[in-house]
Structures are given as structure tokens and as C-alpha cells.
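Some notes on the structure that comes next.
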Amino acid sequence: MRLALIAHDEKKPDLIEFAEERKDDLEQFELMATGTTGQRLIDATGLDIERKQSGPLGGDMQIGAEIASETCDGVIFLRDPLTAQPHEPDITALLRICDVHQTPLATNLASADAVLDELVDQLAGRE
Ligand SMILES: O=C(CO)COP(=O)(O)O
């Protein structure tokens, strides 16, 4: 099962803390991430993560393409709701394609736990 991890700059510390706390669960997935998020997570946790382009350079679109191809099973995307992003259209497209494909999507820490719990259950064949 493949899971994408993304965080805007202000939220990267939160995602790193989340990944440290839930490393045992995250290790069960094939992980992908946008460029800077992926590098920060690798440095902090040692998780094996496929890095796409940085978000502003097309990383959100690459993850969107994975979802459209049904090769990504869930997305944890800690967005910064207080800072304008130059690539807002890409972000909107990523959120939209998750809805089109019924892909589980968490956009804050509270829902990240819930989505990861659900995917871990699915992985274990409990559902
Ligand atoms: O901008 C992003 C998502 O929209 C994240 O990109 P980075 O992980 O490269 O910072």
C-alpha cells in the first residue's frame, strides 16, 4: 500500500513529529513525498521515502498523477491555511483528484492519525 506525505513549510515540524511518533506504522507503507518534505522526513526519521519534485515545482501534480493512476492509496497533506502558496492551483488539483478517486486524505494532524489508523487496519486485513 502506497502513502503520500506532504507538508507546507510552517507544518513540516508537525509532520516530522507525527512521523517520529508513528514510524512503526509508516514503515509498513511504500512512502512518497514532495521534495523538501521528503528530504526533511528522511533526515529526521530515516524512513525510506520516494521523493517527487518540490511542491512549487510540480510535486503536488506528480502525487496527483499517482492518485489518478490509482497507485497511491492515501495522502497526509498538512496544509498551511494561513499562508498563500504560489502553486495554489496545483494544491487544489491534488485535493480534487483525491475526491474524484475516493482517496483518503488528511489535511491536519487530527485527521492524519485517523487516516493512518484506517490504512493500517486495511493493511492488516482487519476491514
Ligand atoms: O508545497 C508543497 C505542497 O504543496 C510541499 O512541497 P515541499 O515538500 O517540496 O516543500
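First listed ligand is number 1; within each ligand, the first listed atom is number 1. Here the structure is a predicted model, which means the values were calculated and not measured.
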*With atoms numbered from 1 as shown, which atoms in ligand 1 lie under 4.0 angstrom from a non-hydrogen atom of Phe77?*
3 (C), 4 (O)
_Per-residue contact class, His87 against ligand 1 - non-hydrogen pairs under 4.0 Å_ = side chain
_Can you tell whether the side chains of Asp99 and Arg96 come within less than 4.0 Å, N to carboxylate O?_
no
*What do you reckon, does Gly35 put a non-hydrogen atom under 4.0 Å from ligand 1?*
yes
*Below 4.0 Å from any atom of ligand 1, is there a heavy atom belonging to Ala7?*
yes
*Grab the two heavy atoms, one from Gly55 and one from Asp60, that are nearest each other, plus how far apart they are.*
CA-OD1, 3.1 Å
*With the threshold set at 4.0 Å, does a side-chain nitrogen-carboxylate oxygen contact exist between Lys52 and Glu50?*
yes
*For Val75 and Ile67, run side chain to side chain contact (heavy atoms under 4.5 Å, CB included): C-alpha distance rounded to whole Å, both residues' side-chain angles, the deciding distance at 0.1 Å, then the answer.*
CA-CA 9 Å; Val75 179; Ile67 292 162; 3.6 Å; yes
_Taking 4.0 Å as the limit for heavy-atom contacts, which would you say applies to Thr37 with ligand 1: side chain only, backbone only, both, or neither?_
both
_Contacting atoms of ligand 1, where contact means under 4.0 angstrom from a heavy atom of Thr36_ = 7 (P), 8 (O), 9 (O), 10 (O)
*Verify the distance criterion only: is there a donor paired with an acceptor across the side chains of Gln62 and Glu66 at less than 3.5 Å?*
no
*Is it possible for you to say whether Leu31 and Val120 belong to one hydrophobic cluster, with membership spreading through side-chain heavy-atom contacts below 4.5 Å?*
yes
*Could you tell me if any non-hydrogen atom of Lys12 lies under 4.0 Å from any atom of ligand 1?*
yes
*Do the side chains of Leu41 and Ile16 get nearer than 4.5 Å, heavy atoms only?*
yes
_Give the atom numbers and elements of ligand 1 that come within less than 4.0 Å of a heavy atom of Ile91._
4 (O)
*Which atoms of ligand 1 sit under 4.0 Å from any heavy atom of Pro56?*
1 (O)
*For atom 5 (C) of ligand 1, what's the nearest protein heavy atom and its distance?*
Thr34 OG1, 3.4 Å
*With heavy atoms under 4.0 Å as the rule, classify the contact between Ile6 and ligand 1 as side chain, backbone, both or neither.*
side chain
*Can you check whether Gly55 has an N/O within less than 3.5 Å of an N/O in ligand 1?*
yes
_Once you restrict to heavy atoms under 4.0 Å, what part of Gln53 touches ligand 1? Side chain, backbone, both or neither._
neither
*Charged N to carboxylate O under 4.0 angstrom, Asp25 versus Arg22?*
yes
_Nitrogen or oxygen atoms of Asp60 and ligand 1 under 3.5 Å apart_ = yes
*asked:* Suppose we measure from atom 9 (O) of ligand 1 to each protein heavy atom; which comes out shortest, and what is that distance?
replied: Ser54 OG, 2.6 Å
*Same cluster (ILVMFWY, side-chain, under 4.5 Å), Ile6 and Leu105*: yes
*Do the charged groups of Asp80 and Lys12 touch, with an N to O distance under 4.0 Å?*
no
